[in-house]
Amino acid sequence: MLPTGTDIHPEDTLMEENAERIMLDPTSRETLKFKDLLKVLIDWINSELEEERIIVKDLEEDCYDGQVLQKLFEKLSGKKLNVAEVTQSEIGQKQKLHTVLEAVNELLRPHGWTVEWSVDSIHSKNLVAIVYLLVALVMHFQAPIRLPEHVSVQVVVVKKREGILQTALVTKELTSTTENVFINYLFLPTERDAFDTLLDHAPDKLNVVKTFADGVYLVLLMGLLEDYFVPLYNFFLTPESFEQKVHNVAFAFELMQDGGLKKPKARPEDVVNLNLKSTLRVLYNLFTNYKDSE
């Protein structure tokens, strides 16, 4: 039996023997956690590819042809792929996808990643496969973002056996807990920076950064550094909700960009959630930019 709202398309009846097709259950598509995961991934891609002037609005429509995935992999890995820049034909798109995914798989497989994507699944706009790929890239390159935890979806698996379509509902875990997600990196020779060392040796002395979690001090600090008064109606002086705090931090980030700083890698939610490393990076960027100011 198929879940309510799931349709079998006419082309599915023309599937070859032993072929398999996976479709996202419509109910899972509408869950808040899954939508939040999609938004975080889209914001991350747009942040990474800002210099390329690439804007992603929909993962299915913008990632299937390989163009965005190519640029994203090149930015993250620092490697240039030998592919055509623009490909309109299906054959050309699949050739590009093959090159991109081959490079991705060569990078991820040695570290134990299970490949949950393929050229055909990505090109057919399989959202689950696209999300699996992007989450793997986020984890491998340790992107400075926080993925929603425990995001699972249900997919309908359609198989053709002896001319008969067989369906099953399967749960797919897209993200686990932060601790479990990063366990893969405990034994990898990844490059560490000063922030890692600081957190290792003096974590008890870093609680002071929590005072920036509601965004108030960040906003006022930007006013002092840029020598202007920030109207109180632009932010919440005594924020009470998570959303108000996120608004404050996001507003502070806007002031930073207006002051000539690059867009912070951290999300406002990271600062509000007391992510020490994200907050430290924001403060350090302020320090390096204004340390010589009178």
Side-chain angles (χ1 to χ4, degrees), residues 35-59 62-63 68 71-76 78 134 137-138 141-148 193-196 198-199 206 208-294:
K35 285 185 174 181
D36 187 31
L37 176 59
L38 297 184
K39 183 180 185 305
V40 170
L41 292 173
I42 289 173
D43 290 345
W44 169 62
I45 294 174
N46 288 334
S47 175
E48 290 291 342
L49 300 183
E50 185 177 16
E51 295 180 358
E52 297 282 346
R53 297 188 177 181
I54 292 177
I55 299 177
V56 171
K57 296 182 179 179
D58 184 285
L59 293 181
D62 295 332
C63 293
V68 169
K71 295 296 183 182
L72 181 63
F73 179 78
E74 290 179 340
K75 172 68 184 304
L76 296 172
L134 294 174
L137 291 175
V138 167
F141 289 101
Q142 301 185 47
I145 62 175
R146 182 183 292 270
L147 296 177
D193 59 19
F195 296 101
D196 294 294
L198 186 59
L199 289 171
L206 297 177
V208 64
V209 302
K210 294 180 180 179
T211 60
F212 292 90
D214 63 7
V216 175
Y217 281 0
L218 284 176
V219 172
L220 297 178
L221 180 59
M222 285 308 303
L224 290 173
L225 292 171
E226 288 291 327
D227 195 25
Y228 55 68
F229 175 74
V230 182
L232 299 181
Y233 57 78
N234 280 331
F235 66 104
F236 298 94
L237 190 60
T238 56
E240 297 179 355
S241 67
F242 180 83
E243 290 72 20
Q244 290 178 349
K245 295 176 183 178
V246 170
H247 170 86
N248 283 355
V249 177
F251 178 55
F253 285 3
E254 292 179 10
L255 297 180
M256 293 174 194
Q257 291 177 263
D258 291 342
L261 279 74
K262 290 185 178 180
K263 182 179 179 180
K265 293 283 187 181
R267 298 187 305 149
E269 292 85 351
D270 296 332
V271 176
V272 177
N273 283 325
L274 305 179
N275 185 302
L276 293 180
K277 189 184 292 189
S278 296
T279 308
L280 281 173
R281 292 188 187 281
V282 172
L283 296 177
Y284 182 71
N285 286 338
L286 290 176
F287 169 73
T288 55
N289 190 72
Y290 293 100
K291 63 181 181 180
D292 297 324
S293 302
E294 295 183 356

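One-based numbering along the sequence shown. These figures come from a predicted structure and were not determined experimentally.
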Could you state the interatomic distance from [atom1] ([X]) to [atom2] ([Y]), rounded to the nearest 0.5 Å?
X      : Y      : atom1 : atom2 : answer
Leu280 : Phe287 : CG    : CZ    : 13.0 Å
Arg53  : Lys71  : CZ    : NZ    : 13.5 Å
Asn289 : Tyr284 : CG    : OH    : 12.0 Å
Leu224 : Phe229 : CG    : CZ    : 11.0 Å
Lys263 : Gln257 : NZ    : CD    : 6.5 Å
Leu225 : Met256 : CG    : CE    : 9.0 Å

Neighbour count above 12 (heavy atom, 6.0 Å) for Asp227 CG: no
Within 6.0 angstrom of Ile55 CD1, more than 12 heavy atoms from elsewhere: no
Full working for side-chain contact (heavy atoms from CB on, under 4.5 Å) between Leu72 and Leu134: CA-CA 10 Å; Leu72 181 63; Leu134 294 174; 3.8 Å; yes
Side-chain ([X]) to main-chain ([Y]) donor-acceptor, under 3.5 angstrom:
X      : Y      : result
Asp62  : Lys57  : yes
Asn273 : Glu269 : yes
Ser47  : Asp43  : no

Derivation of the side-chain contact (heavy atoms from CB on, under 4.5 Å) call for Val230 and Met222: CA-CA 9 Å; Val230 182; Met222 285 308 303; 5.9 Å; no
Closest approach of Phe235 to Leu220 (non-hydrogen atoms, all atoms of both residues): CZ-CD2, 4.0 Å
Least distance between heavy atoms, Leu76 atom then Phe141 atom: O-CE2, 3.3 Å
Do [X] and [Y] have side-chain heavy atoms sitting under 4.5 Å apart?
X      : Y      : answer
Pro148 : Val40  : yes
Phe212 : Val272 : no
Leu283 : Leu218 : yes

Test side-chain contact (heavy atoms from CB on, under 4.5 Å) applied to Val56 and Leu49, step by step: CA-CA 9 Å; Val56 171; Leu49 300 183; 5.5 Å; no
Salt bridge present between Asp270 and Arg267 (N-O < 4.0 angstrom): yes
Determine all donor-acceptor pairs shorter than 3.5 Å in which one atom belongs to a side chain in residues 237-255; sequence neighbours excluded.
unit_1: Ser241; atom_1: OG; unit_2: Gln244; atom_2: N; d: 3.2
unit_1: Gln244; atom_1: OE1; unit_2: Glu240; atom_2: N; d: 2.7
unit_1: His247; atom_1: NE2; unit_2: Asn234; atom_2: O; d: 3.1
unit_1: Asn248; atom_1: OD1; unit_2: Phe236; atom_2: N; d: 2.9
unit_1: Asn248; atom_1: ND2; unit_2: Asp214; atom_2: O; d: 3.1
unit_1: Asn248; atom_1: ND2; unit_2: Phe236; atom_2: O; d: 2.8

